[in-house]
2 protein chains.
Amino acid sequence: MEPITTEEKIIRAADKIFTQKGYAATRTREIAEEAGTNLALLNYYFGSKQNLFRNVVKQKLKMLLNAIDPIASDKTIPVVEKVRKISEKYTQLMLENEELPLFILNEWSANKNLFTDLIRETRQHAEPVIRKQLSENGMDITVEDLIVNTLGMILFPFIAKPLILSSGLVEENQFAAFVTERKEKIPEWIISIINKQIQ
Amino acid sequence: MEPITTEEKIIRAADKIFTQKGYAATRTREIAEEAGTNLALLNYYFGSKQNLFRNVVKQKLKMLLNAIDPIASDKTIPVVEKVRKISEKYTQLMLENEELPLFILNEWSANKNLFTDLIRETRQHAEPVIRKQLSENGMDITVEDLIVNTLGMILFPFIAKPLILSSGLVEENQFAAFVTERKEKIPEWIISIINKQIQ
DNA sequence: AAATGATTAAATCAAATGATTAAATCTTTT
DNA sequence: AAAAGATTTAATCATTTGATTTAATCATTT
């Protein structure tokens, strides 16, 4: 019963095209067409391409942060369990939005101000929590490395997907299975890394 | 004694601007200006923006492949040693070309045909070699995961640099130290992952 | 010096593109 | 039905942008 408003249609179209092509390569006419409406209305609602872009990015970024922050900053969840939950959630999220990570990273580079403003609103509280957990359990890794390794292992396949496919490392139709299996392995790998081995 | 030809100056300028901004956001006039020459000459030498871009990408991609392929496909180098060498070499390379990985990945997505053609020329022989090495030594990981994890851990910090900086995870002036330390840690982490622990 | 090739400067084109406007039409509310 | 709001259509602007041309200038070679 919830009809999709035209404004929403434009947002979704913008989302799709911007994510696919990036800001500079996106034409407002294409967004309008994709939304099944016209250029006039796009500017009537959003004023400018820049502003429409801002809306899209804001929403995407919030989604990404909201998916990770509650887990990462929860003091009652053990570190390894956090990795497990985040690996699960982010892999799922990326499978549903495969072009998202590269889009975010790319536009972040090109448009640092916008993102820095947005990130400031959503403050990060995870870092000190994890740092404390790591030291209390005598785990052999820094917070920075843990976060970069975890996110890197989860996100890199999606970021480098075209490279992975055209090099023939993974077949197109096996990609989803590849990352789905990885999402179970990643926590195990992190455990191996975290626990200083007695050898 | 080797004077830089104007053609070379244009290539270098194109390299810089394209890498910085991506194809779509790059203006040929800016390249000409950066090269200290003019638009006419740019088109005189290279015919078109597309073609100039092709030259730049070709050169970059060759550099990246040449840095990794001889190591990865060498049957006499043990797997862990390969990781060590590649971690060393790629970290160095990325420190000297920080915007390169995101540029390549991004343009690869936008322009799959071009890259697929280029990658086909430089055939990959590393994969079967590593696969054999892994199975012969009973190592507990697939080639695909090994490659993705290694490259992910090396490259992700550079790809996600703006994110890492504006989240405050690492300070700008400590970034080089951060990745330099990581390049020593990565082989150790890979060893932990590869060797099934007796527990 | 003459000739040849490299380079510059400036103007210009044609197409693409972000944006605006005005009038008409459709939809919903009052 | 009347009014108000939403949407379309079409035309138009101003600017940007990739590309081309022409004439002049500079550098090098013969």
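Just so it is clear: chains get the letters A, B, ... in the order the sequence lines come, proteins before strands, and each one is counted from 1.
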Once you round it to whole Å, what is the distance between [atom2] of [N] and [atom1] of [X]?
X: B:L42; N: D:dT20; atom1: CG; atom2: P; value: 11 Å
X: A:E33; N: C:dG18; atom1: CD; atom2: C1'; value: 16 Å
X: A:K21; N: C:dA16; atom1: NZ; atom2: C1'; value: 14 Å
X: B:N51; N: D:dT20; atom1: CG; atom2: P; value: 12 Å
X: A:Y44; N: C:dA23; atom1: OH; atom2: P; value: 17 Å
X: A:L52; N: C:dG18; atom1: CG; atom2: C1'; value: 12 Å
X: A:Q50; N: C:dT17; atom1: CD; atom2: P; value: 17 Å
X: A:L41; N: D:dA10; atom1: CG; atom2: P; value: 16 Å

Looking at every non-hydrogen atom in both residues, tell me the closest pair between B:T142 and B:L134 and how far apart they are. C-CD1, 4.0 Å
Are there any protein N/O atoms within less than 3.5 Å of an N/O atom in nucleotides 16-18 of chain D, and if so, which ones and at what distance?
unit_1 : atom_1 : unit_2 : atom_2 : d
D:dT17 : OP1    : B:R27  : NE     : 2.8
D:dG18 : OP1    : B:T26  : O      : 3.2
D:dG18 : OP1    : B:R27  : NH1    : 3.4
D:dG18 : OP1    : B:K49  : NZ     : 3.2
D:dG18 : OP2    : B:T28  : N      : 3.0
D:dG18 : OP2    : B:T28  : OG1    : 2.9
D:dG18 : N7     : B:R29  : NH1    : 2.7
D:dG18 : N7     : B:R29  : NH2    : 3.4
D:dG18 : O6     : B:R29  : NH2    : 3.2

Distance under 6.0 Å and angle within 45° of the ring axis: does A:K60 meet both against A:F103? no
Centre of A:Y23's six-membered ring, under 6.0 Å away, within 45 degrees of the axis: is that where NZ or CZ of A:K49 sits? yes
Which of D:dA6, D:dT8, C:dA9 is nearest the side chain of B:A40? It is C:dA9
For the side chain of B:D15 and the backbone of B:V56, is there at least one donor-acceptor N/O pair under 3.5 Å apart? no
Would you confirm whether A:S135, through its side chain, and A:K132, through its main-chain N or O, come within 3.5 Å as a donor-acceptor pair? yes
Between B:R182 and B:T91, is any pair of side-chain heavy atoms under 4.5 Å apart? no
Given side chains that start at C-beta, do those of A:E144 and A:E127 come closer than 4.5 Å, heavy atoms only? yes
Just the table, please: protein N/O against nucleotides 24-30 of chain C N/O, every pair under 3.5 Å.
none

Residue-phosphate contact under 4.0 Å: A:N38 side-chain N/O, D:dT8 OP1/OP2: yes
With under 30° as parallel and over 60° as perpendicular, where do the rings of B:F18 and B:F53 fit, or are they tilted in between? perpendicular
What stems, by residue range, does DNA chain D take part in, given at least 3 consecutive Watson-Crick or G-U pairs under 3.5 Å? C:1-30 with D:1-30
Linking I/L/V/M/F/W/Y whenever their side-chain heavy atoms sit closer than 4.5 Å, directly or via other members, would B:V129 and B:I141 fall into one cluster? no
Could you check A:T37 against B:G47 and say which one's nearest nucleotide on DNA chain D is further toward the 5' end? A:T37
Nearest 0.5 Å, what's the CD1-CZ distance between B:I164 and B:F156? 6.0 Å
Got a salt bridge between A:E88 and A:R84, using NZ or NE/NH1/NH2 to carboxylate O under 4.0 Å? no
